[in-house]
Amino acid sequence: MDEVERAAEMLAGVLEGLPRPPSEPNQQSAECRMPSVESRIESRRRVVERAKSQTALAMVFPGPDRRDPARHAAMVWAAIASGLGGRLFHELRERRSLAYAVTVSSWQRAGAGALVTYIATSPAREEEARATMLAELARFREEPVTPRELEQA
């Protein structure tokens, strides 16, 4: 089995059970309606073990869809949190040396959106990196974005 086939097989397992899109654009059926955000929030963890010296952690949270006016704020937040001068980059990579890479993005699609975080770290520091990422994300609720962060973004 080649690399592309293995990737397709892994994706099939991740996407299993999701509602299928309607056959016609803009057609809503009971089968494809997305559940409310509250019913979608649950913690899932999928681990793929490989003989590598790096761990990649991706966390996906519900976010605004492409029609939600909050999508603009989500994109600005992603710019503030991510990037070389971003809050998460500074805390996780510069200050704590927990990461090789830190990125944040806001994905908006019709009917669904997501806030996505990614950190590449040492396997020995995986749990510390995960806990610190979650703590830093929570800090956004408590500490407003500064004018400097907004200007940099």
Side-chain angles (χ1 to χ4, degrees), residues 1-19 21 34-153:
M1 180 181 305
D2 72 0
E3 197 171 327
V4 172
E5 289 173 358
R6 280 195 307 273
E9 192 173 278
M10 284 174 57
L11 276 175
V14 170
L15 301 175
E16 188 177 304
L18 291 177
M34 294 299 289
S36 70
V37 170
E38 292 77 18
S39 66
R40 287 186 285 162
I41 297 175
E42 80 179 61
S43 179
R44 293 185 206 177
R45 189 171 185 172
R46 180 174 168 109
V47 177
V48 177
E49 298 285 340
R50 295 187 181 171
K52 301 281 182 181
S53 59
Q54 183 173 311
T55 293
L57 278 167
M59 292 186 245
V60 182
F61 304 92
D65 68 31
R66 71 176 182 201
R67 291 190 178 103
D68 188 332
R71 73 187 183 281
H72 303 292
M75 289 187 294
V76 171
W77 172 80
I80 289 167
S82 195
L84 294 178
R87 192 184 286 191
L88 293 175
F89 184 90
H90 175 74
E91 187 64 28
L92 295 165
R93 182 181 163 118
E94 298 296 318
R95 188 166 170 271
R96 298 185 187 225
S97 300
L98 277 173
Y100 306 117
V102 178
T103 59
V104 177
S105 57
S106 174
W107 296 350
Q108 293 100 32
R109 303 294 185 264
L115 302 173
V116 181
T117 67
Y118 169 87
I119 182 171
T121 188
S122 159
R125 299 187 77 188
E126 177 181 345
E127 285 306 315
E128 180 186 4
R130 182 180 183 280
T132 304
M133 173 70 84
L134 290 171
E136 288 302 308
L137 292 172
R139 198 176 75 145
F140 273 99
R141 283 190 308 229
E142 299 154 14
E143 294 179 24
V145 171
T146 66
R148 184 172 186 269
E149 287 175 316
L150 189 56
E151 186 178 319
Q152 280 183 296

Starting at [atom1] of [X], measure out to [atom2] of [Y] and round the result to the nearest 0.5 Å.
| X | Y | atom1 | atom2 | result |
| --- | --- | --- | --- | --- |
| Arg71 | Gln108 | CZ | CD | 7.0 Å |
| Leu98 | Arg130 | CG | CZ | 14.0 Å |
| Glu149 | Arg87 | CD | CZ | 4.0 Å |
| Thr117 | Leu88 | OG1 | CG | 7.5 Å |
| Ile119 | Thr132 | CD1 | OG1 | 7.5 Å |
| Arg125 | Arg96 | CZ | CZ | 9.5 Å |

Subject >> Glu151/Arg148 salt bridge by N-O under 4.0 Å criterion >> reply: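 No, Arg148 and Glu151 are not salt-bridged.
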Between [X] and [Y], which heavy-atom pair has the shortest distance, and what is it?
| X | Y | answer |
| --- | --- | --- |
| Thr121 | Ala129 | CG2-CB, 3.9 Å |
| Ala78 | Ser106 | CB-N, 4.0 Å |
| Arg93 | Ala99 | CG-O, 3.4 Å |
| Leu150 | Val145 | N-CG1, 4.0 Å |

Original post:
Which is it for Trp77 and Val104 under the side-chain contact (heavy atoms from CB on, under 4.5 Å) test, yes or no, and what are the steps along the way?
Top reply: CA-CA 9 Å; Trp77 172 80; Val104 177; 3.2 Å; yes
Subject >> pair Leu134-Met59: side-chain heavy atoms closer than 4.5 Å >> reply: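 Yes, side chains in contact.
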**OP:** Name all residues meeting the side chain to side chain donor-acceptor pair (under 3.5 Å) criterion together with Arg141; count only those two or more places apart in sequence or in a different chain, and write none if there are none.
**Re:**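 With sequence neighbours excluded, Arg141 shows a side chain to side chain donor-acceptor pair (under 3.5 Å) to no residue whatsoever.
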Subject >> Residue pair Glu136, Arg139: steps toward the salt bridge (Lys or Arg N to Asp or Glu O under 4.0 Å) verdict >> reply: CA-CA 5 Å; Glu136 288 302 308; Arg139 198 176 75 145; 3.1 Å; yes
